Amino acid sequence: MAEASIAGITASEGIAIGTFFLRREMIDNQSRTAGTVGQEQSLFEDSLAKARQSLAALMARVDVSAAEILGFQHELLSDTDFLEPVFQLIGVGQTADEAWTEVIEGEIAEYTATADEYMSARTDDLRDLQRRVLGFILGTIPESFDVPEMTGLVLAATSLAPSEFLELDLGKIAGIAISEGSPTSHVSILARARGIPMLVGCGTRLTGLKPGYVAVIDTHNRQLIHDPHDESQNAFRVRLQNSSIANEFARRRAHLPAVTASGDHVRVYANVDDPAILLGVDAASFDGIGLTRTEFLFVGGHLPDEDHQMGAYRRIIEWAAGRPVTIRTLDAGGDKPIPGVTFHDETNPFLGIRGYRLSRIRKDIFATQLRALARAAVFGPLKVMIPMVTVRSEMDEFRTIFTDVINSLQSEGIACAVPSLGVMIEVPSAALNADSIDADFFSIGSNDLIQYVTACARDNALLAHLAQADNPAVIKLISMVAATGLQQDKEVSVCGDMASTPALVPLLLKAGIRCLSVAIAQGPAIKEIIRGWDGRELSGDGICA
Ligand code: PEP
Ligand code: MG
């Protein structure tokens, strides 16, 4: 075969070189003889029980957060509202596999139809469940992979479910490429947490490639190269070796503080979009958590109750082991619609009822979240911040609401504590007037700040050349907020993607920022950039000019 390259979307960064291995699709369209209605019903019940049992066994051998991902599937298998239609279809003459497929496909279609990225990413979990139950109905063993006894495999598949990933012997896997999928799916989160380079969305050409050849995954250039020429193969091997040396060096120093050449300690916090990302991450590698996006709790329009939320926040606080944890209240709306919660009929959702603007209207949802946060604050140093603040009165109002929440918890005799309360600086007016906002700390959401300063929707790829983080107007606003922090002795961090971009970090340091909250995988590399910073900016490729 000649060298072929296939474009994909980066789900987990890195370079991998290995032997291309194509995953055999497990569910063939097998035909089976239909039984009587009674036989089909008991076959379905039996298959559900086996699926529950096998999921429980898998949950018992993975860590807590991975088990939580599987817990969603396990719960569905006991959800009578979800299962009832399957029994009804069997009752009117469908076979167990037809009825199961019809119902779960309907559910998947509903999830896929939403514009909500989080929700559509959960379709992977439903497909995982579909495969498992169908495997038991059809009598195929739902063991996902028959991976050869060799290491250094570049695994390719049409799709990959979270439980299939967890069943893999990762010691054999150098990298993964998938035809379908999204970077926000659970399997992408799991791959990131385990440092396995992974591309998703590679399209159908991927599974047409022949196994057994050398393949390279290069997430920097977002491509898989099949059967590379000797020359490019050697170049990749050199890059892999260099990046492993640099990564290894950074990783070994990840638990050390990030101190600039001139002796400034820069705090490096972690961003958490889903607590699953914390799996296997040493809390000592970060100074704490600078941003927890709580939208993960509201997947699929599901409204988590107070106890459920409190449990999730408590686990994050306990993971941080005494380091500060910043949790952002629900930031629904704009690029994060939540069915049944956000407004659908806005002409411009990015300028509409989103973030705190929505929370103050949906008082019931907000109060539940604040009660859970006040209760979780008992377990460690918690900081709570509100997104999308425009004027100072919003922060004043938030303080009053929080005080009411604390008073009512105390009057009910429920243990609670007052966290420090801050705001996200994402709107230019809040950046310009930060000195008038009575917050305990500020966290700059550069993703939104850039879109509002440059008037470019953050999800419009055609405007990417205008929506630049290094636009002097953006940097000026960041410097102003940093100066306010210095004057008022308040922490100012940057938690948008800018802070995780090595080439932009010197700009932030120069602007006076001494606290960054970054994507977990970028933590060690960003610390190295800080250590090497001597007051100058970096050139475009991340090298000090
Ligand atoms: C930001 O806007 O930079 C930010 C951190 O918030 P989000 O990306 O979740 O809107
Ligand atoms: Mg934002």
Side-chain angles (χ1 to χ4, degrees), residues 115-119 121 183-184 189 268-275 277 288-299 325-338 341-342 348-359 369 383-390 394 422-431 434 439 441-460 463-464 467-471 473-475 477-478 481-482 491-501 504-505 507-508 511 513 515-520 522-523 526:
D116 181 346
E117 209 184 325
Y118 280 94
M119 199 166 160
T184 53
I189 291 167
V268 178
Y269 292 143
N271 282 358
V272 174
D273 296 346
D274 185 329
I277 194 78
I289 291 177
L291 166 67
T292 307
R293 293 180 163 103
T294 54
E295 295 73 59
F296 75 88
L297 287 161
F298 294 78
V299 169
V325 169
T326 311
I327 298 186
R328 178 176 75 185
T329 59
L330 183 64
D331 187 25
D335 57 327
K336 309 178 196 80
I338 298 183
V341 176
T342 43
N348 194 337
F350 279 122
L351 299 182
I353 318 262
R354 58 169 298 206
Y356 180 70
R357 301 170 180 189
L358 180 72
S359 291
Q369 183 167 41
K383 297 156 75 176
V384 174
M385 62 183 180
I386 46 173
M388 195 65 186
V389 166
T390 312
E394 291 173 296
V423 295
M424 286 196 71
I425 301 289
E426 303 178 286
V427 178
S429 71
F441 64 95
F442 300 108
S443 182
I444 301 176
S446 53
N447 304 337
D448 277 312
L449 186 62
I450 295 164
Q451 83 161 340
Y452 295 127
V453 170
T454 61
C456 296
R458 61 192 272 183
D459 58 358
N460 191 333
L463 298 175
Q468 289 296 321
D470 59 0
N471 182 313
V474 173
I475 304 299
L477 290 177
I478 292 176
V481 184
E491 181 184 272
V492 177
S493 65
V494 174
C495 65
D497 292 347
M498 242 182 124
S500 303
T501 310
L504 296 172
V505 166
L507 270 183
L508 293 174
I513 295 295
C515 186
L516 303 171
S517 191
V518 307
I520 294 225
Q522 291 299 323
I526 296 297

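This one's a predicted model, so the numbers in the text were calculated from it and none came from an experiment. This chain uses plain numbering: 1 for the first residue, then up along the sequence. Numbering of ligands and ligand atoms starts at 1, following listing order. Values below: all heavy atoms of this structure, side chains included; hydrogens, waters and symmetry mates excluded.
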>> Checking the side chain of E426 only, and the main-chain atoms of L449 only, is there a donor and an acceptor separated by less than 3.5 Å?
In response: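 A pair under 3.5 Å: no.
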List the atom of [X], the atom of [Y], and the distance in Å for their closest heavy-atom pair.
{"X": "V505", "Y": "A499", "result": "CG2-O, 3.5 Å"}
{"X": "V427", "Y": "Y452", "result": "CA-CD1, 4.4 Å"}
{"X": "V492", "Y": "I513", "result": "CG1-CD1, 3.8 Å"}
{"X": "G355", "Y": "M388", "result": "CA-CB, 4.1 Å"}
{"X": "G445", "Y": "C495", "result": "CA-SG, 4.3 Å"}

Less than 3.5 Å apart, which donor and acceptor atoms pair up between the side chains of residues 325-333 and the rest of the protein, not counting sequence neighbours?
{"residue": "T326", "atom": "OG1", "partner": "I289", "partner atom": "O", "Å": "3.0"}
{"residue": "R328", "atom": "NH2", "partner": "E295", "partner atom": "OE1", "Å": "3.0"}
{"residue": "D331", "atom": "OD2", "partner": "K336", "partner atom": "NZ", "Å": "2.8"}

> How many protein N, O or S atoms are found at a distance of less than 2.8 Å from the Mg ion (ligand 2)?
Replying inline: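 Considering protein N, O and S only, the Mg ion (ligand 2) has 2 within range.
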>> Going by salt bridge (Lys or Arg N to Asp or Glu O under 4.0 Å), name the residues that satisfy it together with E394, two or more places apart in sequence or in a different chain.
In response: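 Salt bridge (Lys or Arg N to Asp or Glu O under 4.0 Å) check on E394 returns nothing, list empty.
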>> Is it true that T454 and Q468 share a donor-acceptor pair across their side chains at a distance under 3.5 Å?
In response: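 Per modelled atom types, Q468 and T454 side chains form no pair under 3.5 Å.
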> Who are the residue neighbours of ligand 1 when the rule is a heavy atom under 4.0 Å from any of its atoms?
Replying inline: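 Around ligand 1, where the cutoff is 4.0 Å for heavy atoms, the contacting residues are L291, R293, R328, D331, K336, M424, E426, G445, S446, N447, D448, R458, C495, G496.
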